[in-house]
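Remarks on the structure that follows.
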Amino acid sequence: MQRYRVAVSSIKGEISTTNNYQDIFVEVLDGRQKILLLQAAPHPDIAALKTAIEKNQNYSVDNFMLGDFNGSISSYSLVILHQVPSLNDVGFQITSQLKSSTVPVLYIIGAQSNIPAYNSLMTGLMIPQTVNSFNEATAIMNPDFSLFSLDTEIEQILPEFPPLNVPFSQYKAGTATQVLMYQRIGNVSTRIPLILFNQGVDRKSATLTGEGIWRWRLSNYAKLGNQKAFDELITRIIQYLAVKEDKSQFRVMLKNNFNENEAVEIDSELYNDSYQLVNGPEVNIVITDANKKNFPYAFTRTTNA
């Protein structure tokens, strides 16, 4: 929060100079967030992801083939690795940078993924590779997922989306993970994660355990005439992973100056981990005057604040 004072010079004979200046308070925020999208090979998932992410004007995407990228991931708010590490190029430069950085990562597993190399990255998920085979899995929502909420339209249409190609294995999820969607193999609902999130000591990550998400976007359009549900799903995932941790989840809004005859109104907002407004918990405030006298109040809930 920056404070500026704008003032004009007084003139001879001016009766009062109290209205010759104005205090202005400006909150300075970071600009657009940059997302790095690295791919092991050309894939239609890339276009679907890039288009959905850039629907939000707060994000810009830099897309590279793995072998063409020689920059630093530290300049990005989020890294998306599509089938990286891969069978053809493990990407030691990238994996070594990941192990020494705190940049959030979204992993997308596919037929070109190097599963043992992925398992070494401490993503919160282990995929023991017994045989090199894949299943087709559709998505079912986890009703206990709490990191962020999805619109009802997304939850309703998800089971109708085409299946993704997922590795056949006995998945092992860590205790610090939360599963957004499970896999349904044929007509059998499983507890195998399709999309899960991991909160590490100093980094958030997520893993989509299948490829072919581009079909979801096409299916969304075929059924509803738009890609709103798919784009919203991707945006929520990106928003949770890329959100800056130093932003306050509790905010108080009020004017910096009040006139003596003006009613003083103070608003507050509480955000969950995905920076969506919630107003479940009770919020109290104590105002202290110049004589150190306390005035306790409780905030009244509005629609969502």
Y59 six-ring centre to K34 NZ/CZ under 6.0 Å and within 45° of normal: no
Are F197 and F148 an aromatic pair by the rule of ring centers under 6.0 Å? yes
Test of understanding: with side chain to side chain donor-acceptor pair (under 3.5 Å), list the residues that count as partners of T177, not counting sequence neighbours. none
If only atom types and distance count, is the side chain of D45 paired as donor or acceptor with the main-chain N or O of I213 below 3.5 Å? yes
T123 side chain vs N119 backbone, donor-acceptor pair below 3.5 Å: no
Looking at P163, is its backbone amide N or carbonyl O close enough to the side chain of T138 to form a donor-acceptor pair, meaning the two atoms are under 3.5 Å apart? no
Any donor and acceptor pair, going by atom type alone, linking the side chain of E54 with main-chain N or O of S60 inside 3.5 Å? no
We want to know whether R191 and Y182 form a side-chain donor-acceptor pair, criterion being a heavy-atom distance below 3.5 angstrom. yes
Do side-chain atoms of R203 reach the backbone of S101 as a donor and acceptor pair under 3.5 angstrom? yes
Judged by atom type as modelled, is there a donor-acceptor pair below 3.5 Å linking the side chain of Q276 to the main-chain atoms of Y271? no
Could you give all pairs that pass the salt bridge (Lys or Arg N to Asp or Glu O under 4.0 Å) test and reach residues 139-157, with sequence neighbours left out? D151-R236
Counting only N and O atoms by type, is there a donor-acceptor contact under 3.5 Å from the side chain of T207 to the main-chain atoms of T209? no
Within 45 degrees of the ring normal and closer than 6.0 Å to the centroid, is that where the cationic atom of R215 sits relative to F161? no
Interatomic distance, E269 atom CD to R251 atom CZ [nearest 0.5 angstrom]: 7.0 Å
Can you classify the ring geometry of H43 versus H82 as parallel (below 30°), tilted (30 to 60°) or perpendicular (above 60°)? tilted
